[in-house]
Q: 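What follows is a single structure, and I will ask about it in a moment.
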Amino acid sequence: MSSTDHQLTEHHVSDVRTRILDWYADNGRDLPWRDPETTAWGVLVSEVMLQQTQVSRVWDSWLAWMKRWPGPADLAEAEASDVLIMWGRLGYPRRALRLHETAKAVVTAHNGVLPADPELLLQLPGIGEYTAAAVSSFAFGIPEVVIDTNIRRVHARIFSGKGAGAPNLTAAERKLAAQLMPDTSTAQGLQDANTWNVAAMELGALICTARAPKCDQCPVLNQCAWVAAGKPEPETKAKTQSWNGSDRQVRGAIMGVLRAKGAVDVGTLQTTVEATGQLGRHLPEVSQWDRAVNGLVTDGLAVLDDKILALP
DNA sequence: AATTCGGGGGG
DNA sequence: CCCCCAGAATT
């Protein structure tokens, strides 16, 4: 038994769970994809959009997307170019292509019905460990152990006394998350387990935030190991990749032009993109333009035909 | 295990 | 300016 298991008594865990479940009942946000009327497909769309993109930016995009393509069959019939345009500025446009592919796979391999089994969900493009578990739990009521960046931070602070989750998801974090799940042998426990997933996530998003956590509003302030330890600073993580001058910035600027114009002659690509001002003062070298264009084509985000770069 | 992939919110 | 965000896929 490790030192972190030592204080993990059932009484303590149960107390924390009850407090956070009660807090969520009163403070959970009415996000559109949490509406009971939302389909499982709608939940999946929200989860993919929310991969590395904040709730505030996803909200309107999700509403518009679901209105245009309510189910997988609708999206499966769409053109990839329209899918990318609709994705807009949510970022990481490969997510849009993978969601499009997943819609097609649901139609062709699953009779048009999104599977509930996390193992089947995992096989669909763009769905990883987190999203598979989240859809199973949130949309289908299957009490999978959901672990996202919020939940990892909440668990780390309350039970491990650290300020943040590990840099990469560890076996210890998986074990702890599994131990914290309510017993699902009763109907009430089953419901609590699914609510626990979303409640812990919500606490991390609203109260137990990465920076400037609102501990004065926290339902488990007095149960928190991190607070008890005096809120030690998290170990410094690797510096985030710079944005200005990056390949991603150039790729993103090109995609912005393609979404607006549909296509552009590669001979005028540089001046057209630079004229949008998306690159700031950065003027890419020819080699970076080539790298960006080739990368977009390789990733299926654009096609190059007779010196014309266009949406797929 | 480390990199790459957008774009913007917010301290 | 810098870190962070309901991660996934690739190397």
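Letters A, B, ... mirror the listed sequences (proteins, then strands); counts begin at 1.
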Q: Regarding W87(A), tell me which of base, sugar-phosphate or nothing describes its non-hydrogen contacts under 4.0 Å with the strands shown.
A: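 Nothing: the residue W87(A), judged by heavy atoms under 4.0 Å, touches no strand.
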Q: Checking all strands, does R291(A) fall into the base, sugar-phosphate, or nothing category for heavy-atom contacts under 4.0 angstrom?
A: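 R291(A): no heavy atom of the nucleic acid under 4.0 Å.
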Q: Choose from dA6(C), dC4(C), dG7(C) the nucleotide whose nearest atom is closest to any side-chain atom of M201(A).
A: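 Of the options given, the side chain of M201(A) lies nearest dA6(C).
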Q: CH2 of W243(A) versus P of dT3(B): gap in Å, rounded?
A: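 Value for this atom pair: 19 Å.
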Q: Say you pick atom P in dG6(B) and the same atom in dT11(C); how far apart are they, in whole Å?
A: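 Between the two P atoms, the distance is 15 Å.
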Q: Between residues 115-140 of chain A and DNA chain B, which residues have a heavy-atom gap below 4.0 Å?
A: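 None, since no heavy atom is under 4.0 Å.
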Q: Within the distance-only criterion (no hydrogens, no angle test), does the side chain of T272(A) pair as donor or acceptor with the backbone N or O of T268(A) below 3.5 angstrom?
A: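 Side chain of T272(A) to backbone of T268(A), a donor-acceptor pair under 3.5 Å: yes, one is there.
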Q: Measure the distance from CD on Q249(A) to P on dG6(B) and round it to the nearest whole Å.
A: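 After rounding, the reported distance stands at 11 Å.
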Q: Give the rounded distance in Å between these two atoms: CG of N168(A) and P of dT3(B).
A: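 Going from N168(A) (CG) to dT3(B) (P), I get 10 Å.
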Q: Taking for each residue the nucleotide of DNA chain B bearing the nearest heavy atom, is the 5' side occupied by K214(A) or by L90(A)?
A: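 Closest to the 5' end, via its nearest nucleotide, is L90(A).
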Q: Counting only N and O atoms by type, is there a donor-acceptor contact under 3.5 Å from the side chain of S136(A) to the main-chain atoms of A133(A)?
A: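 No; judged by distance alone, with no hydrogens or angles, the pair does not exist.
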Q: Answer yes when E101(A) and K104(A) have at least one side-chain N-carboxylate O distance shorter than 4.0 Å, and no when they do not.
A: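 Salt bridge: yes.
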Q: May I have the distance from L296(A) (atom CG) to dT4(B) (atom C1'), rounded to whole angstrom?
A: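 Answer to the nearest Å: 13 Å.
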Q: Below 4.0 angstrom from OP1 or OP2 of dG6(B), is there any side-chain N or O of R251(A)?
A: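 Looking at the OP1 and OP2 atoms of dG6(B), one of them is under 4.0 Å from a side-chain N or O of R251(A).
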Q: Any sub-3.5 Å donor-acceptor pair from N197(A)'s side-chain atoms to E144(A)'s backbone N or O?
A: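 Confirmed, N197(A) side chain pairs with E144(A) backbone.
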Q: Hey, does the side-chain of R57(A) have a donor or acceptor N/O within less than 3.5 Å of a partner on the base of dG7(B)?
A: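 Result: at least one qualifying N/O pair found.
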Q: Under the criterion side-chain contact (heavy atoms from CB on, under 4.5 Å), I'd like the reasoning laid out for C208(A) against K214(A): C-alpha separation, chi angles, the key distance, then a yes or no.
A: CA-CA 6 Å; C208(A) 194; K214(A) 302 173 179 62; over 6 Å; no
Q: Report yes if a donor N or O on one partner sits less than 3.5 Å from an acceptor N or O on the other, where the partners are the side chain of R248(A) and the base of dG6(B); otherwise report no.
A: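 Per atom types, the contact qualifies.
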Q: Look at the aromatic rings of W196(A) and H155(A) and report parallel, tilted or perpendicular, splitting at 30° and 60°.
A: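 The arrangement is parallel - the two ring planes meet at less than 30°.
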Q: With pairs defined as Watson-Crick or G-U wobble and both distances under 3.5 angstrom, please note down DNA chain B as a dot-bracket string, | for pairing with another strand.
A: |||||.|||||
Q: For DNA chain B, determine which residues of residues 44-55 of chain A have any heavy atom closer than 4.0 angstrom to one of its atoms, and list them numerically.
A: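 Listed by number, they are Q52(A), T53(A), Q54(A).
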Q: Using atom CG of L31(A) as one end and atom C1' of dA6(C) as the other, report the distance to the nearest whole Å.
A: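 Rounded to whole Å, this separation is 10 Å.
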Q: I'd like to know if the side chain of Q51(A) and the backbone of G126(A) have a donor-acceptor N/O pair within less than 3.5 Å.
A: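 The answer is yes, because a donor-acceptor pair under 3.5 Å joins these two groups.
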Q: On DNA chain B, nearest-nucleotide positions of G256(A) versus L169(A): which is more 5'?
A: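 In this pair, the answer is L169(A).
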Q: To the nearest 0.5 Å, what is the distance between CZ on R89(A) and CZ on R259(A)?
A: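 Between atom CZ of R89(A) and atom CZ of R259(A) there are 5.5 Å.
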Q: Taking atom types as modelled, find out whether Q288(A) and H282(A) have a side-chain donor-acceptor pair closer than 3.5 angstrom.
A: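 A pair is found: one side chain offers a donor N or O, the other an acceptor, under 3.5 Å apart.
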Q: For R211(A) and R29(A), take the nucleotide of DNA chain C holding the closest heavy atom to each; which residue's nucleotide lies nearer the 5' end?
A: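 So the residue in question is R211(A).
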Q: Just to be sure I understand the rule, does R34(A) reach a base, reach only the sugar-phosphate, or reach nothing, if contact means heavy atoms closer than 4.0 Å?
A: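 Base contact.
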